[in-house]
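Let me begin by presenting the structure, written as structure tokens, before commenting on it.
Just so it is clear, the model here is predicted, and its values are computed rather than measured.
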Amino acid sequence: MSNKYKLCCDTDRGLSCCGCGRQDNQLNTYDWLADIPGNDEETDLVEVQFKNTRKGYYHNVNNLELKKGDTVAVEANPGHDIGVVTLTGRLVKLQLKKANLKSADDIRRIYRIAKPIDMDKYREAKSREHGTMIQSRQIAKDLGLQMKIGDVEYQGDGNKAIFYYIADERVDFRQLIKVLAETFHVRIEMKQIGARQEAGRIGGTGPCGRELCCATWMKNFVSVSTNAARYQGISLNPQKLAGMCAKLKCCMNYEIDDYVEANRKMPAKDAVLQTKDNDYYQFKTDVLAGLITYSTDKNLAANLEAISAERAHAIIEMNKQGEKPLSLLEDGTAKVEKKSLDLLEDADISRFDRSKRKRKGGNKPKGNGNQKQQQGGKQQQGQEPKQGDAQNQNRDEHNKGREGQNQNRDGQKQGRDGQKRNRQDNRRQQGQRRQGNRDRQQNAPKNNKEE
């Protein structure tokens, strides 16, 4: 092999190989052509990333040996900016098409690899970003502007600041630019972004447990509608459908094409499958698995049967021809009814009524032990019926006692009801007497006047 090309096989600038970049950068791209000889010499275009998701494309006019992760100083207007090289070689051309740059003048030059003096200015400028953002929000609020300043990015040399803002309507920020320029003494640039772009710039973790797609690889955003949730059978719960940006999750569009294609193979939802044993209505579907669950009730889950979509189409065709299969089973045989098992079929219900034999304690005498045991056994056998009769008598007496107690309770209850009625009658009579006394007192003055 010629010595003109140098194979890159070390891992000094990446996690696994030269195709990997620094994982702390957002929108990181894997360079799967990094180990191909002559890849870097294919083009002089280089992709450079700045704060969060802002990227730019530059010409390596000085033929610098650049690799992923190198910090470089690039041309800016005015001055220079500091960024990190994220991609080199052939893939930069493909990325350039996605960026949709309007003219070749937008592609500037790379000056040099960043020096310590450049890095000192860069760190000083970055340290002022948070304080500038807080102060600019207060200025916009004082001016009464309906906008939110989400982020501030200083240029590497500190001569320019980009203010990213969100606004629902058109905002006249000419006065705001004047106030910001007088306050911070830098050149001001305003950029409007949406809620999804703001979430991508801030970053975070999604409900799936992974880093946000808009902060790692997604750059172009496509509109998402609730129809994507309906096709996939997702519950229309706004709290679950919304992402970190308070908009519908972009990931609902990832598998929508597969669900649309799979739904075409499914029978209509209102199709009724008629068999000789019953009529079946569609209850739920598993689109990706191609399974449909049918119920004998139109609104409830009753006698559920899960069959494939092919079997459902076959039964629908049979119904159109006036035929009815024996059941929904694949082989068309009649469904075997499962008989319920009686757990007490062989059990003795009276097993709990048997009297327990009392065990006698004590030491057993020696000698004629067997004869005594036999005699004792005969005596116990003779006494068992007597003991049973005594127990039955005790139960009868106990039941009679309970009946007597119940009768006493009924009598006490009737006595209380009678006392309650007597009290009510007494109160009623007292009320009538008081009303009569009031009527007499009112009539007495009238009789005196007439006299």
Table please: side-chain donor-acceptor pairs of residues 128-138 below 3.5 Å, with sequence neighbours left out.
from: Glu129; atom 1: OE1; to: Lys51; atom 2: NZ; distance (Å): 2.7
from: Glu129; atom 1: OE2; to: Lys126; atom 2: NZ; distance (Å): 3.0
from: Glu129; atom 1: OE2; to: Tyr154; atom 2: N; distance (Å): 3.0
from: Thr132; atom 1: OG1; to: Arg128; atom 2: O; distance (Å): 2.7
from: Thr132; atom 1: OG1; to: Tyr154; atom 2: OH; distance (Å): 3.1
from: Ser136; atom 1: OG; to: Thr132; atom 2: O; distance (Å): 3.0
from: Ser136; atom 1: OG; to: Met133; atom 2: O; distance (Å): 2.8
from: Arg137; atom 1: NE; to: Ile149; atom 2: O; distance (Å): 2.7
from: Arg137; atom 1: NH2; to: Ile149; atom 2: O; distance (Å): 3.1
from: Gln138; atom 1: NE2; to: Asp142; atom 2: OD1; distance (Å): 3.1

Kindly list each side-chain donor-acceptor pair under 3.5 angstrom involving residues 234-253, sequence neighbours excluded, with atom names and distances?
from: Asn237; atom 1: OD1; to: Gln239; atom 2: N; distance (Å): 3.3
from: Lys249; atom 1: NZ; to: Lys240; atom 2: O; distance (Å): 2.9
from: Asn253; atom 1: ND2; to: Ser223; atom 2: O; distance (Å): 3.3

Enumerate, atom names and distances included, each donor-acceptor pair closer than 3.5 Å involving a side-chain atom of residues 72-79, sequence neighbours excluded.
from: Glu75; atom 1: OE1; to: Arg109; atom 2: N; distance (Å): 3.3
from: Glu75; atom 1: OE1; to: Arg109; atom 2: NE; distance (Å): 3.4

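For Asp257, the salt bridge (charged side-chain N to carboxylate O under 4.0 Å, His left out) criterion is met by no residue, not counting sequence neighbours. Phe173 is linked by a ring-ring contact (aromatic ring centres under 6.0 Å, His included) to Tyr165, counting only residues two or more places apart in sequence or in another chain. Not a single salt bridge (charged side-chain N to carboxylate O under 4.0 Å, His left out) links Asp168 to another residue, sequence neighbours left out.
Look at Lys265 and Glu310 and you find no salt bridge, because none of the NZ, NE, NH1 or NH2 atoms lies under 4.0 Å from a carboxylate O. A salt bridge links Arg201 and Glu153; the closest N-O separation between the charged side-chain nitrogens and carboxylate oxygens is under 4.0 Å.
When each of Gln429, Arg423, Arg427, Arg428 is tested with Asp425 by the rule side-chain hydrogen bond (donor to acceptor under 3.5 Å, both in side chains), just one qualifies, namely Arg428.
A donor atom on one side chain and an acceptor atom on the other are not found under 3.5 Å apart for Gln232 and Tyr259.
At least one donor-acceptor pair closer than 3.5 Å links the side chain of Asn319 to the backbone N or O of Gln274. For the pair Asn62 (side chain) and Tyr111 (backbone), a donor-acceptor distance under 3.5 Å is present. Judged purely by atom type and a 3.5 angstrom limit, Thr285 has no side-chain atom pairing as donor or acceptor with the backbone of Val287. Using a distance-only test at 3.5 Å, with no hydrogens or angles considered, no donor-acceptor pair links the side chain of Asp286 to the main chain of Gly290. Remark: side-chain polar atoms of His185 are not paired, donor with acceptor, to backbone N or O of Asn159 under 3.5 angstrom. Here the side chain of Gln197 pairs a donor or acceptor atom with the backbone of Gly194 at under 3.5 angstrom.
Taking each heavy atom of Ile82 and Phe50 in turn, the nearest pair found is O-CD2, 3.2 Å.
The CD atom of Glu323 sits 14.0 Å away from atom OG1 of Thr275, with the distance rounded to the nearest 0.5 Å. The distance from atom CG of Leu143 to atom NZ of Lys178, rounded to the nearest 0.5 Å, is 11.5 Å.
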